[in-house]
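Below is one structure; the comments refer to it alone.
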Amino acid sequence: MNQKKRGKEKRARRPERTVLVTGFEPFGDEPLNPSREIARQLHGLQVGAHRVVAGLLPCVFGDSRLELRRLIKQHRPAVVVCLGLAAGRSEVTPERVALNIDDARIADNAGEQPIDRPVVRGGPAAYWSTLPIKAIVAALQARRIPAAVSQTAGTFVCNHVFYGLMHDLARKGAGKSLRGGFIHVPAVPVAGRKRSSLPLAISVEAVLIAIQTTLAFRGDVPAPGGQVS
Ligand code: PCA
């Protein structure tokens, strides 16, 4: 084999850098989960040197974590951004902290409703997001997209997945090279229904900006995190 050919083969074998974006299936009495639609719409997009790969997680304690693990193993991403719906919020909210607790207000999609149960028995109480949450909020606000840092992802399946992700990253010692975190998005507007919401197209744009900001920042910026309504 000549030199030129070998060089080409090497290039072809080098894994492409990916950003894994996950959304959830609908749950509870929410017929639509914008997080799933956002992930779908971003799938395949090229952001600088990275390609976005979308994944869908079941809204089920346990299985959601396993599926996320499988997706990470399959795609070997540089960044993992998990998305979920926070009905009632009107801002895009990067989450600051994942808590080691499952305490479900409603049953998950498999009918399970854990109460006061750790996500990981013996695990630390909490993990910080390794996404640049302040820089993301600043970038969104600069584009007039409502955004704020959230201090809790709740204690339902979203927090469960977020904690599981950060626990796996910390344990693998991959925290520095593989960064991850969670962003909650508002519900989409429904005609005749009065509640906080954000058009889907804005949330899609917001998550794209969050990805671009993450790829542009290694640390974070000391900006105010805003206020969740
Ligand atoms: N939101 C729920 C779980 C799935 C989703 O999209 C939550 O905030 O826990």
Side-chain angles (χ1 to χ4, degrees), residues 20-43 54-71 80-120 123 126-127 129 131 133 136 146-168 180-190 193 195-200 202-204 206-207 210-211 228-229:
L20 175 63
V21 177
T22 67
F24 276 103
E25 61 185 6
F27 66 100
D29 55 8
E30 298 290 337
L32 186 134
N33 195 327
S35 68
R36 175 171 74 179
E37 310 310 319
I38 296 165
R40 271 189 186 153
Q41 288 197 28
L42 293 177
H43 179 75
L56 174 66
L57 303 182
C59 189
V60 174
F61 287 98
D63 286 359
S64 49
R65 269 190 76 190
L66 295 180
E67 178 58 11
L68 179 59
R69 245 188 221 156
R70 193 193 64 74
L71 287 165
V80 181
V81 181
C82 296
L83 305 173
L85 162 65
R89 284 188 195 166
S90 45
E91 303 89 3
V92 174
T93 47
E95 297 292 344
R96 189 195 291 265
V97 57
L99 300 178
N100 190 13
I101 195 78
D102 290 335
D103 195 22
R105 165 181 64 81
I106 54 170
D108 69 9
N109 285 1
E112 243 220 288
Q113 189 174 0
I115 306 288
D116 294 341
R117 189 177 75 184
V119 179
V120 176
Y127 287 105
S129 171
L131 298 180
I133 54 172
I136 290 171
V149 167
S150 163
Q151 316 300 344
T152 174
T155 52
F156 193 47
V157 181
C158 286
N159 174 74
H160 178 85
V161 157
F162 182 20
Y163 186 92
L165 167 67
M166 301 320 297
H167 185 69
D168 285 354
F182 200 98
I183 301 177
H184 265 119
V185 296
V188 294
V190 176
R193 197 166 170 189
R195 66 163 173 179
S196 304
S197 62
L198 198 64
L200 184 63
I202 307 272
S203 289
V204 171
V207 175
I211 293 169
V228 179
S229 60

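Just so you know, ligand 1 is whichever comes first in the structure, and atom 1 is the first atom listed for that ligand.
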- Query: So which protein residues pack against ligand 1 under 4.0 Å, heavy atoms counted?
  - Reply: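 Correct list: F24, F27, N33, C59, G84, L85, F156, V157, C158, H184.
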Return a table of donor-acceptor pairs under 3.5 angstrom between the side chains of residues 112-119 and protein atoms on other chains or two or more places apart.
| unit_1 | atom_1 | unit_2 | atom_2 | d |
| --- | --- | --- | --- | --- |
| E112 | OE2 | R117 | NH1 | 3.2 |
| Q113 | NE2 | A104 | O | 3.0 |
| Q113 | NE2 | R105 | O | 3.2 |

- Query: Do R36 and P26 have side chains that get closer than 4.5 Å, going by heavy atoms?
  - Reply: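 R36 vs P26: side chains touch.
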- Message: Measuring only between side-chain heavy atoms, which start at C-beta, is C82 closer than 4.5 Å to F162?
- Response: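 C82 does not reach F162 side chain to side chain.
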- Message: For T152, is there any backbone N or O sitting under 3.5 Å from a side-chain donor or acceptor partner on N159?
- Response: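 No, the answer is negative, given that no donor and acceptor are paired below the 3.5 Å cut-off.
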- Message: Among I133, V228, V185, I136, which residue satisfies the side-chain contact (heavy atoms from CB on, under 4.5 Å) criterion with T93?
- Response: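 Of I133, V228, V185, I136, side-chain contact (heavy atoms from CB on, under 4.5 Å) with T93 is met by V228 alone.
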- For a side-chain contact (heavy atoms from CB on, under 4.5 Å) with Y163, tell me which candidate from L99, T155, D168, V120 qualifies.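 Among L99, T155, D168, V120, the one meeting side-chain contact (heavy atoms from CB on, under 4.5 Å) with Y163 is V120.
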